[in-house]
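See structure below.
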Amino acid sequence: MSLEKDQVQHIAMLARLRVGDDEIADTVDKLSRIVDFVDQLSQADTTDVVPMAHPLDAAQRLRPDVVTETDERDEFQENAPAVSDGFYLVPKVIE
Amino acid sequence: MSSNDLHTQGLTQLARGLENGGFTAVELVTALLDRVEAHDTELNAFITVTADTALQAAERADAERNKGETGVLNGLPLVHKDIFCTRGVLTTCGSRMLENFVSPYDATVVERLAGAGAVMLGKTNMDEFAMGSSNETSYFGPVKNPWDLTCSPGGSSGGSAASVAARIAPAATGTDTGGSIRQPAALTGTTGLKPTYGRVSRYGMIAFASSLDQAGVITRSAEDAALLLGVMAGFDVRDSTSIDHPVPDYLAGLGESLQGLRVGIVRQHFDAGLDAATGNAVRDALAVLEAQGASLTEVDLPNLDLSVPTYYVVAPAECSSNLSRFDGIRFGHRAGNPEDLLDMYCRSRGEGFGAEVKRRILTGTYVLSAGYYDAYYLKAQQVRQLIADDFREAFADVDVIAGPTAPAPAFRLGDKTDDPITMYLNDIYTIGANLAGLPGISIPCGFASELPVGLHLVGPHFGEEQLLRTAHQYQLQTDWHTRCPEGYA
Amino acid sequence: MSAAWEVVIGLEIHTQLATQSKIFSGASTAYGAAPNTQACLVDLGYPGVLPVLNEEVVRMACKFGLAVNATVAPRSVFARKNYFYPDLPKGYQISQYELPIVEHGELFITDEAGKEKRIGITRAHLEEDAGKSVHEGLDRHSGIDLNRAGTPLLEIVSEPDLRSAKEAVAYMRKIHTIVRYLGISDGNMQEGSFRCDANVSVRPRGQDTFGTRTEIKNLNSFRFVERAINFEIERQIDVLEDGGEVVQETRLYDSGRDETRSMRSKEEANDYRYFPDPDLLPVEISEEFIDGVRDTLPELPDDKRHRFIDDYGVKQDDAAILTASRALADYFEAAVAASEAKPQVVANWVIGDLSGALNKEGLEIEACRIPAEDLAGLIKRIQDNTISGKIAKEVFEAMWAGEGTADAVIEARGLKQITDSSAIEAIVDKVIADNPGQAEEYRAGKEKLIGFFVGQVMKETGGKANPGQVNAILRSKLK
C-alpha cells in the first residue's frame with residue numbers, strides 16, 4: 001500500500017514537521033517503501049497473541065511521595081531559546 | 001612501558017599499569033588526547049573533546065591513587081557516545097536540534113563510571129538520535145572506518161567503535177536499539193556488548209525507542225567489557241524500567257571453560273543474505289567454540305524474518321512520541337522569526353531534524369494514527385511477542401545463540417543511503433535481541449575482504465556472564481580482537 | 001425547557017490529588033510559586049529523563065475507587081496521549097487509556113423530585129496535569145509556566161446518567177465532598193484543583209439513542225457548570241427545533257457573556273495516537289494493598305448522614321448540610337459532645353448563626369473563629385437559663401469578634417439573666433404602675449397585651465430577665 005502526498009502532509013502536520021516542497025516527493029517515495037516493507041507483518045498469524053509492550057515481565061515500582069527537587073530554573077533556562085521573567089516564551093497562543 | 005605505546009593497551013592492562021605505578025593517569029590521558037589530535041581529523045569520531053576536564057579528572061585520579069582511595073576504574077580513560085547527558089558538556093545526540101545543548105545533569109551511566117574513577121576524553125559522533133546503521137545520518141558528518149576510510153564504521157555508535165578500533169580510547173559507551181553497539185563493533189573489529197534490557201539504567205540516555213534502547217560498551221576485549229559492565233549495571237531509582245536484579249562479578253566467571261556449553265545455531269542466519277566470506281569466518285569461529293568443548297545444535301526462530309519489519313513499526317512509533325519534546329521551547333533548535341506557534345513548531349522541527357529522523361517520526365506517527373494502529377502498531381506488538389516466545393523456547397535447549405553480527409563487512413559510505421530498506425536490513429541479525437530484551441555481544445572473528453567480521457552471541461535475560469565468558473574464552477584462543485587497523489598501531 | 005426533549009449529561013471531573021510531590025517527579029506541587037521554579041528536569045521533559053510513579057497517587061486513586069464502590073484494577077497501564085501544545089512539555093501527556101486504575105463505580109444523588117438516584121462512574125484514571133500559558137504582559141508572546149506540569153490528576157468519568165444541569169451539579173458536589181472527605185484533594189476550585197468538562201446532548205423524549213453531544217471544557221465552579229449546561233441545552237434545542245443539526249465539537253463557556261462558544265480551529269481534528277508508555281511498567285495493585293487502604297478509609301458522607309439522622313435525630317435536610325463537608329460534620333459532632341444539648345439545637349446553631357457568619361466572610365469551617373467547644377459553651381448557657389436565646393445572639397457575635405468564650409462575654413458585658421424573683425417582681429410592679437391604662441384593658445380581657453408588658457419589662461432589664469419567668473409573674477400580678 002503506497003502513501004499519497006496528502007496523507008504524508010497530514011501525518012507531517014500531526015508530527016509538526018515541515019516537509020518542504022523540495023522534500024515531499026522523496027519523502028512520499030521513501031515512506032511508501034517503508035510502509036510496503038512493514039506490511040509483511042500482515043502475514044503473521046497473531047490470533048490470540050497478547051501484544052508485547054515491554055521486553056521484561058515486571059511491575060511498576062513506586063516512589064515515596066517526597067519532594068526531592070529544588071529550584072534550578074536559572075540553570076535549566078540557559079538552554080531555552082527565549083525566556084522572560086521566568087517564563088518560556090512562544091509566539092502568542094490564540095485561543 | 002613508555003608512554004608512546006599506552007594507546008595499544010586495553011582497559012584491564014591499563015588498570016594494572018596504573019596500579020603498578022608504571023605511568024600516571026595524567027600521562028595516559030595526555031597520550032590519548034594526542035591520539036585524538038593526530039587522528040580525529042580523518043576519522044571524525046568525536047563531536048566534543050573534553051581535554052581540559054579530562055586532564056583535571058586525571059590529576060584527581062592520580063591524587064586519589066596516591067592517597068590510596070581508588071575506584072575500580074581510577075584514571076582509566078573512556079569516551080561517551082554523545083547520546084549520554086554529561087553535565088556542563090555539549091550533548092548533541094548527533095543532531096542539529098541539540099547543536100547547542102549543554103546538559104545540566106549527568107546520565108546514570110556517566111555518573112557511575114565517573115564515580116568509579118573513569119576519565120571522559122570526549123563525546124563521540126553517532127547517527128542522529130541513534131537512528132542509522134552507518135553514522136551517515138549525523139549532523140556532524142559521517143565517521144570513517146579506521147580499517148578503510150572510505151567505509152562506514154557502522155552505526156549508530158560509530159564514533160565510539162571507530163575511536164576504540166583506532167586505539168584512541170581503550171573503551172567507549174554506546175547504546176543499542178536495534179544493533180547500534182554490536183553492528184559497529186563487528187564492522188570495526190571491536191568487542192561490543194548490549195546488556196539485557198533493564199540491566200543498565202537509561203536515565204540520561206536520550207531516548208530513541210524506550211522499550212528497545214539499552215546502554216552498553218565497546219571495548220577491545222570481553223574482559224574489558226566485563227570490567228565496565230560491573231560498574232554500569234544495576235538498579236536505578238530514576239529509571240522505572242531498570243531491574244532490581246543482583247549484579248554479579250562479571251570478571252570472576254570469565255575463567256571457566258566452555259566445556260558443556262550448548263551453542264544454538266540459527267539456520268536462517270546462514271541463508272542467501274549472508275556474504276560468503278563473512279559466513280566462512282563465522283563458521284570458523286563456531287568450530288573454535290566446538291573445539292573448546294561447546295556443543296553446537298540447530299535452533300529454530302521461525303518468526304525471525306519478521307523482526308526487521310516489527311522493529312520498523314515499534315521503534316518509529318516510540319521515537320515519534322519521544323522526539324515530540326523537541327519543540328524549540330525549553331531547549332534545542334528554534335527556527336528564526338516564526339510567524340506563529342504552528343510555524344515555530346513545524347520549522348523548528350523541520351530544520352532541527354535530519355531526513356532519516358524525520359522519516360522515522362513520520363513512520364511512527366503513521367503507524368499510531370487513527371485507523372492504522374491495529375494493523376501496524378498492535379500487530380507489531382503481537383509479532384514481537386511471537387519473536388520473544390521463539391527465543392524463550394530456543395533458550396530452553398541452548399545457553400547461547402551464535403551467528404554473524406552483520407550480513408557483510410563494512411560497506412562504503414554513501415552505498416546504502418538511497419534506500420532505507422537496504423540500510424535497515426543491515427540489522428537483521430541483531431534486532432531480535434532488542435525486541436526480546438536479550439543481551440548480545442559481538443566479538444571479532446576474522447576478516448572478509450580485509451575488513452573485520454563479527455561473531456554475534458545472544459543469551460537469555462541476564463545471561464551476560466555466560467556471554468562474556470564465552471567471548472573471553474574465545475578471545476583466549478584467538479587474536480582477532482588484538483588486530484589493529486593499519487596506521488593506528 | 002421544552003418537555004419534548006430529554007437532556008443527557010456526562011461529566012469528566014479532573015481533581016488534583018493533594019500529594020507533596022508530582023506524579024512522576026520529586027518537584028513540589030505547592031500552589032503559587034514563581035514561574036518555573038517548581039519545574040524539574042522531568043517536568044520540563046528534558047532529554048533523557050524518565051518518569052517514576054508516586055506511591056501516594058496510587059493510594060489516593062485506590063481510596064477513591066473504594067469510596068465509590070468501584071473496582072480497583074489489579075493491573076493498570078499508563079499510556080501516552082500525543083499532541084503538541086506549549087504547556088505540554090513532552091509533546092504527550094502521560095495518562096491512562098485502555099486499562100484505568102478504577103472502573104465501574106457509582107454514587108447516589110438526590111434528584112429534582114427529591115428521590116435518590118444512582119449515577120454510574122465509568123472509570124477514574126490517573127494522569128499528569130499540563131502547565132499554564134500566560135497571554136498578558138509579554139508583548140507578542142505567550143509565557144509558559146510549567147510549575148503545574150506533572151501535578152497528579154484523577155479524572156473521574158461519569159456515565160451519561162445525568163438528566164439536568166441541577167443533577168450534574170449535585171453529582172459534582174457529591175464527588176467534591178467525597179474527595180475532600182478522603183483527603184485526596186483540597187477541592188480548591190479557584191486554584192483549579194477541581195474542574196470539569198461536561199458532555200451534553202439532547203434527544204426527543206422516548207428516543208433510545210443519544211443525540212450528538214458537545215463537550216464544554218474547563219468549568220471551574222458549580223455555578224458555571226449549571227449555567228453552561230443550561231445554556232448549551234437551550235442552544236441545542238433551538239438548533240434542533242430550527243431543523244438544524246448539533247455539531248459534535250468542543251465548546252468553551254464564557255462566564256462574562258453566560259454563553260458557550262465553539263472552539264473550532266482550522267487545525268486538523270485531534271488524533272492522540274495513544275499507546276502504552278514504554279517508560280512505565282504496568283501498575284500492579286495487590287489485595288493486601290487494597291485492604292490496607294480500606295482500613296484507612298474514613299466514614300463516608302452518606303453513612304455519616306444516615307448516622308446523624310438515626311443517632312442524633314437531626315432533620316434530614318440538616319443532616320445533608322452538616323455532612324457536606326467532613327470538617328463541618330466533625331465540628332458538629334464535637335459541639336454535640338461538649339454541649340449536652342439536643343443535637344438538633346446544636347445543628348440549628350451550626351447551620352444558622354455559625355454558617356451565616358462563615359459565609360459572610362467567605363470562610364470555610366476549617367477557618368472558623370469559634371471552636372466547637374466554645375459554641376457548646378454558649379449553648380449550655382442557654383440551656384441552663386444563664387442567658388436567653390436573644391441574648392445568646394449577642395454573645396455569639398461577641399465571641400465571633402474575638403471577645404472570648406460565652407462565659408467571658410456574659411461576665412464582661414453583664415449579660416447574666418436576672419432570675420431573682422423579687423427583683424423581677426419589683427420591675428413588674430413598676431411597669432404595671434407606669435401603664436395603668438394597658439393594665440386595665442388586659443384585665444378587661446385583652447390578653448394580647450401580655451406581650452406589651454413582657455417587652456416593657458425586658459426593656460427595663462436590658463433583656464436580661466428570663467422571659468418565661470417574667471411572663472409568669474406578670475400574669476399573676478395582672479390577675
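Each chain gets a letter, A, B and so on, in the order the sequences are listed, and its residues count up from 1.
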Exercise. Do B:Ser240 and C:Leu50 come close enough that some side-chain heavy atom pair is under 4.5 Å?
Worked result: no

Exercise. Looking at side-chain heavy atoms only, is the closest gap between C:Pro86 and B:Tyr345 below 4.5 Å?
Worked result: yes

Problem set entry | Segment of B:Phe84 engaging chain C (4.5 angstrom heavy-atom cut-off) | neither

Exercise. What part of B:Ala209 gets closer than 4.5 Å to chain C, counting heavy atoms only: side chain, backbone, both or neither?
Worked result: neither

For this session: Answer yes or no: are there more than 12 heavy-atom neighbours, outside B:Asn337 itself, under 6.0 Å from its atom CG?
Result: no

Exercise. Is it the backbone or the side chain of B:Ser201 that comes under 4.5 Å from a heavy atom of chain C, or both, or neither?
Worked result: neither

For this session: Taking all heavy atoms of B:Ala370 and all of C:Asp271, pick out the closest pair and write down the distance.
Result: N-OD2, 2.9 Å

Exercise. Is it the backbone or the side chain of B:Val237 that comes under 4.5 Å from a heavy atom of chain C, or both, or neither?
Worked result: backbone

For this session: Examine whether an atom of B:Ala107 lies under 4.5 Å from a heavy atom of chain C, and if so say whether it belongs to the side chain, the backbone or both; otherwise answer neither.
Result: neither

Exercise. C:Tyr46 and ring pair (Phe, Tyr, Trp, His ring centres under 6.0 Å): which partner among B:Phe331, B:Tyr203, B:Phe326?
Worked result: B:Phe331

For this session: Would you indicate whether B:Phe235, at its atom CZ, is surrounded by more than 12 heavy atoms from other residues, nucleotides or ligands within a distance under 6.0 Å?
Result: yes

For this session: Show the numbers, then the answer: is there a side-chain contact (heavy atoms from CB on, under 4.5 Å) between B:Arg325 and C:Leu44?
Result: CA-CA 9 Å; B:Arg325 70 190 61 209; C:Leu44 294 172; over 6 Å; no

For this session: Please answer whether the main-chain N or O of B:Ser321 pairs with a side-chain N or O of C:Asn82 as donor and acceptor at a distance below 3.5 Å.
Result: no

Exercise. If you tally heavy-atom pairs under 4.5 Å against chain C, which of B:Ser103, B:Ser211, B:Ala207, B:Pro104 wins?
Worked result: B:Pro104

Exercise. Between B:Arg330 (side chain) and C:Pro89 (backbone), is there a donor-acceptor pair under 3.5 Å?
Worked result: yes

Seminar exercise, completed: Minimal heavy-atom distance between B:Cys85 and C:Pro47, with the atoms involved, is SG-O, 3.7 Å

Exercise. Going by heavy atoms in the side chains, are B:Tyr373 and C:Tyr274 under 4.5 Å from each other?
Worked result: no

For this session: Against chain C, label B:Asp327 side chain, backbone, both or neither, depending on which of its atoms sit under 4.5 Å from a heavy atom there.
Result: side chain

Exercise. Which value, rounded to the nearest 0.5 Å, describes the distance between B:Leu378 atom CG and C:Phe275 atom CZ?
Worked result: 13.0 Å

Exercise. Using a cut-off of under 4.5 Å for heavy-atom pairs, which of B:Leu98, B:Thr108, B:Thr91, B:Thr365 has the most such pairs with chain C?
Worked result: B:Thr365

For this session: Side-chain contact test, heavy atoms from C-beta onward, threshold under 4.5 Å: evaluate it for B:Arg202 versus C:Asp279 and give yes or no.
Result: yes

Seminar exercise, completed: Under 4.5 Å to a heavy atom of chain C? For B:Tyr197 that would be side chain

Exercise. What do the steps show when you test B:Ser369 against C:Arg273 for side-chain hydrogen bond (donor to acceptor under 3.5 Å, both in side chains), and what is the final call?
Worked result: CA-CA 5 Å; B:Ser369 66; C:Arg273 291 160 281 135; over 6 Å; no

For this session: Decide yes or no on side-chain contact (heavy atoms from CB on, under 4.5 Å) for C:Arg80 and B:Asn322, but give the supporting numbers first.
Result: CA-CA 10 Å; C:Arg80 294 184 182 178; B:Asn322 282 335; 2.9 Å; yes

Exercise. In terms of heavy-atom proximity below 4.5 Å to chain C, should B:Leu341 be classed as side chain, backbone, both, or neither?
Worked result: side chain

Problem set entry | Contact leader toward chain B among C:Ser25, C:Gly91, C:Pro278, where contacts are heavy-atom pairs under 4.5 Å | C:Pro278

Seminar exercise, completed: Value for CG (B:Leu368) from OH (C:Tyr272), rounded to nearest 0.5 Å, stands at 15.5 Å

Problem set entry | Any side-chain heavy-atom pair of B:Tyr377 and C:Pro276 under 4.5 Å | yes

Exercise. For B:Arg238, does the CZ atom sit with more than 12 other heavy atoms under 6.0 Å from it, leaving out its own atoms?
Worked result: yes

For this session: Could you tell me which of C:Asn36, C:Val49, C:Leu281 has the largest number of non-hydrogen atom pairs under 4.5 Å with chain B?
Result: C:Val49

